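Here's the structure, in structure tokens; my notes come after.
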Amino acid sequence: MAAAGAGRLRRAASALLLRSPRLPTRELSAPARLYHKKVVDHYENPRNVGSLDKTSKNVGTGLVGAPACGDVMKLQIQVDEKGKIVDARFKTFGCGSAIASSSLATEWVKGKTVEEALTIKNTDIAKELCLPPVKLHCSSEFPLLMHTSLHSWEH
């Protein structure tokens, strides 16, 4: 009796599926793009991942967390005797937008003076990566991260 009930259930499910509207094959084969190609590039090929020697007197380390989404970001900068950022490294635990924002930020600060790096806003990063408003918070920790990196740097 159980087999007969299962057979009826399969036939009913098949009939329901046959009557449901079908998506064109074209829509099924092309996945929706959720992130801009710049975000995907920085996520799949992150630049400057890693750490610098935190005991070095010319290295500053900043660590921030974003309670709203659980992102945790570490930024380290190495500054030369003239106040120029000669290297930058990051480690980020978070979504693709947070990782991409950190990667881009390290590219942007390298070669800049400390003063120039401090002028970079999270909105600049978000604009460059074409982050949607719902992902703006992923870049919002950058100014604080930059300031904490600089405060830990012994100049």
Side-chain angles (χ1 to χ4, degrees), residues 16-155:
L16 221 125
L17 287 173
L18 289 173
R19 282 186 284 182
S20 66
R22 301 227 178 221
L23 290 173
T25 308
R26 175 177 49 87
E27 290 182 36
L28 290 175
S29 62
R33 179 174 282 173
L34 301 176
Y35 287 105
H36 190 274
K37 64 183 177 181
K38 291 178 182 180
V39 174
V40 173
D41 180 42
H42 276 278
Y43 174 75
E44 290 180 348
N45 308 294
R47 285 68 147 180
N48 307 306
V49 176
S51 296
L52 297 170
D53 180 8
K54 65 181 177 182
T55 62
S56 177
K57 67 177 188 166
N58 65 339
V59 171
T61 301
L63 181 66
V64 296
C69 61
D71 294 342
V72 178
M73 303 168 194
K74 179 177 92 169
L75 173 71
Q76 291 184 298
I77 56 169
Q78 183 177 2
V79 184
D80 70 10
E81 61 281 347
K82 295 179 184 176
K84 188 179 201 177
I85 299 170
V86 293
D87 202 0
R89 298 276 183 240
F90 83 95
K91 286 187 179 179
T92 295
F93 176 79
C95 69
S97 296
I99 293 167
S101 295
S102 300
S103 175
L104 179 64
T106 60
E107 285 193 318
W108 278 7
V109 300
K110 284 170 107 176
K112 291 192 177 349
T113 65
V114 168
E115 292 78 24
E116 291 170 332
L118 286 170
T119 65
I120 299 171
K121 298 181 183 84
N122 69 301
T123 51
D124 300 328
I125 294 168
K127 184 177 179 181
E128 176 65 22
L129 293 173
C130 304
L131 294 178
V134 72
K135 288 294 187 175
L136 186 61
H137 70 276
C138 297
S139 65
S140 66
E141 298 299 323
F142 175 73
L144 177 60
L145 198 55
M146 193 64 206
H147 281 283
T148 56
S149 296
L150 289 171
H151 285 300
S152 74
W153 163 56
E154 297 177 26
H155 38 308

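Please read all numbers here as calculations on a predicted model, not as lab measurements.
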Results of salt bridge (charged side-chain N to carboxylate O under 4.0 Å, His left out) for Glu107 - residues two or more places apart only: Arg47
Look at the side chain of Asn45 and the backbone N and O of His42, then say whether any donor-acceptor pair between them is shorter than 3.5 Å. no
For the atom pair NZ (Lys82) and OG1 (Thr113), what is the distance rounded to the nearest 0.5 Å? 13.0 Å
Is the backbone of Ser103 close enough, under 3.5 Å, to the side chain of Thr106 for a donor and an acceptor to pair up by distance? yes
May I ask you to test the Ser101-Asn122 pair for a side-chain heavy-atom distance under 4.5 Å? no
Residues which pass side-chain contact (heavy atoms from CB on, under 4.5 Å) with Lys91, listed by chain and number, not counting sequence neighbours: Ser51, Lys74
Taking side-chain contact (heavy atoms from CB on, under 4.5 Å) as the definition, give me every residue that meets it alongside Lys127, ordered by chain and number, with sequence neighbours left out. none
Do Leu52 and Asp87 touch side chain to side chain, with heavy atoms closer than 4.5 Å? yes
For a 4.5 angstrom cut-off between non-hydrogen side-chain atoms, does Gln76 reach Asp53? no
What I'd like to find out is whether the side chain of Ile77 reaches to under 4.5 Å of the side chain of Val59, using heavy atoms alone. no
Might you confirm whether atom NZ of Lys84 has over 12 heavy atoms from other residues, nucleotides or ligands at distances under 6.0 Å? no
Any side-chain heavy atom of Lys110 sitting closer than 4.5 Å to one from Asn48? yes
Is there a side-chain contact between Trp108 and Asp124, using heavy atoms and a 4.5 Å cut-off? yes
Could you tell me which non-hydrogen atom of Ala98 sits nearest to which non-hydrogen atom of Asp71, and how far apart they are? CB-OD2, 3.4 Å
Would you say Val39 and Cys130 make side-chain contact, with heavy atoms under 4.5 Å? no
Please report the shortest heavy-atom distance between Phe90 and Pro46, naming the atom on each side. CZ-CB, 4.0 Å
What distance separates Leu104 CG from Ile99 CD1, expressed to the nearest 0.5 Å? 14.0 Å
Keeping the roles fixed (side chain from Gln78, backbone from Val86), state whether a donor-acceptor pair exists under 3.5 Å. no
Within-4.5 Å side-chain heavy-atom neighbours: Val79 and Val114: yes
